[in-house]
Amino acid sequence: MKPSILVINCGSSSLKFALLDIQTQQATFSGIAEKLGQTDACITFKFSGRKEQQQLGQGDHATAVYALIQQLQTLSLLDSIKAIGHRVVHGGEHFKQSALIDDYVIAEIEKCAKLAPLHNPAHLLGIRTALQAFPTLPQVAVFDTSFHQSMPAHAYLYAVPLALYREHGVRRYGFHGTSYRYIAPEAARLLGKPLAETAMVCAHLGNGASVSAILGGHSMDTSMGLTPLEGLVMGTRSGDVDPGLFNYLATTLKLDVQGVTDLLNQQSGLLGLSELSNDCRELEDAALAGNEAAQLALQIFSYRLAKYIAALVVPLGRLDVLVFTGGIGENSSYLRAAVVGQLGFLGLALDNAANERCIRGQAGLIQQSGSLPILVINTDEERMIALDTAALAGLNV
Ligand code: ADP
């Protein structure tokens with residue numbers, strides 16, 4: 001039996017999991033429990049090229065963990081687990097790297113919950129259930145924010161009274177750090193340059209989307225802020241808006257602060273603009289079929305992204321490579337072309353055939369000759385979490 005790491009990623013109503021072989025860091029078993037707490041809660045397992053689904057009644061996160069254990073037992077995989085890694089969205093300023101979970105770490109994650117009220121309580125639920133189910137295994141928390149702790153104060157402070165930072169932690173934290181931590185050395189390796197000498201702008205474009213300036217492997221600035229709402233246009237999130245919009249919508253629509261926050265998080269972005277879908281693939285199909293709202297939504301997405309990429313060259317002082325990752329970055333040749341088409345002044349230009357080729361898992365360089373390098377890389381957050389977990393648990397990789 002091959003020793004493995006179980007990676008758990010808890011959302012408010014979902015629980016994603018993957019079992020990774022410690023030596024190869026490949027997932028041998030994975031899946032997701034969805035709609036937890038609702039009558040149609042279910043769990044899907046993927047292994048050996050097969051998919052199996054089970055209904056969970058009105059099951060919660062604990063029900064999902066016990067269904068997972070049952071399945072691992074049936075497949076004789078349970079005893080292969082040597083440690084568990086948990087994804088945690090917000091580690092505040094406290095966590096500059098991943099941490100072995102104990103009572104103190106749990107208390108600190110709890111303190112960060114007010115900065116990520118949708119995410120951290122769900123992670124804590126997952127952590128507590130896993131500690132109960134696997135009391136003897138080492139468990140590790142890996143934070144989306146920790147990679148960005150290298151940002152300098154002039155990049156992370158908002159121009160609001162400084163006391164708000166000192167007393168309430170109001171600052172920019174940044175997210176998707178686990179993905180950037182995986183992507184940055186990969187990009188340097190593919191370029192054949194030492195990471196310490198590479199200046200890169202990386203765009204992680206999924207349902208949530210952000211872009212980061214990474215110098216010598218360290219985050220210098222990023223588009224997300226106190227919460228994952230700031231910055232780019234996303235699937236259902238608005239990204240940057242005038243903060244004055246809060247008062248305007250509160251008075252014109254008689255919404256409270258939570259109502260406006262929900263509108264900006266859940267009804268905006270590509271979905272709000274297209275009035276069709278938050279799914280980039282669907283919007284591309286609609287745009288190519290002539291749907292003008294879908295075309296405009298994608299244009300706004302790519303324009304905002306191009307502006308951010310150009311802005312994030314400032315903290316680098318130069319650009320060695322532009323990297324695309326995440327579901328959209330890895331697959332949408334349409335959006336990559338739209339973005340790079342606006343960045344010719346930075347010395348970036350695509351090779352159309354290479355751009356079309358790099359989809360569905362195919363990574364590589366997509367620039368034309370004479371252009372600065374542009375890379376598509378498939379991110380692997382689970383692998384990064386498994387590597388951190390193995391290291392902190394003292395397991396040999
Ligand atoms: P999450 O942030 O939930 O992890 P992903 O990284 O899986 O999201 O990215 C999801 C996004 O990737 C969706 O908008 C989806 O439409 C987009 N996407 C996936 N495949 C393609 C494709 N072939 N072409 C365009 N967009 C795609």
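Just so it is clear, the values below take in all heavy atoms, side chains as well, and ignore hydrogens, waters and symmetry mates. Both counts, for ligands and for their atoms, begin at 1 and track the order of listing.
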>> Which residue in the set T389, D102, I8, I101 passes side-chain contact (heavy atoms from CB on, under 4.5 Å) when paired with Q139?
In response: I101
> Which atoms of ligand 1 sit under 4.0 Å from any heavy atom of S332?
Replying inline: 25 (C)
> Any N or O on L205 sitting closer than 3.5 Å to an N or O of ligand 1?
Replying inline: no
> What atoms in ligand 1 come closer than 4.0 Å to a heavy atom of G208?
Replying inline: 2 (O)
> Which of parallel (below 30°), tilted (30 to 60°) and perpendicular (above 60°) describes H123 and H119?
Replying inline: parallel
> Mind checking whether R281 has an N or O less than 3.5 Å away from an N or O of ligand 1?
Replying inline: yes
> What atoms of ligand 1 come within less than 4.0 Å of a heavy atom belonging to E284?
Replying inline: 25 (C)
>> On the six-membered ring of Y173, is R171 placed so that its NZ or CZ lies under 6.0 angstrom from the centre and within 45° of the ring axis?
In response: yes
> Is D279 in polar range of ligand 1, meaning some N or O pair under 3.5 Å apart?
Replying inline: yes
> So, T325 and E330: side-chain donor and acceptor under 3.5 Å apart, yes or no?
Replying inline: yes
> Which heavy atom in C112 sits nearest to a heavy atom in N120, and how many Å separate them?
Replying inline: CB-ND2, 3.5 Å
>> Just checking H94: does its NE2 atom have more than 12 heavy atoms from other residues, nucleotides or ligands closer to it than 6.0 angstrom?
In response: yes
>> Given the ring of F147, does R181 sit roughly above its face, with NZ or CZ under 6.0 Å from the centre of the six-membered ring and within 45° of the axis?
In response: no
> Between the candidates G327, S277, P228, G326, which shows the shortest non-hydrogen contact distance to atom 7 (O) of ligand 1?
Replying inline: G327
>> Quick check on G235 - does any of its heavy atoms sit under 4.0 Å from an atom of ligand 1?
In response: no
>> When you measure from atom 4 (O) of ligand 1 to the protein, is at least one non-hydrogen atom found at a distance under 4.0 Å?
In response: no
> Identify the closest protein heavy atom to atom 17 (C) of ligand 1: which residue and atom is it, and at what distance?
Replying inline: I328 CG1, 3.6 Å
> Relative to the heavy atoms of C280, which atoms of ligand 1 are at a distance of less than 4.0 Å?
Replying inline: 14 (O), 16 (O), 26 (N)
> Are R87 and E381 close enough, and set up right, to give a salt bridge (charged side-chain N to carboxylate O under 4.0 Å, His left out), and what steps lead you there?
Replying inline: CA-CA 9 Å; R87 172 186 179 223; E381 288 157 291; 5.1 Å; no
>> Out of L270, N331, I359, N207, who is nearest to atom 22 (C) of ligand 1 when you count heavy atoms only?
In response: N331
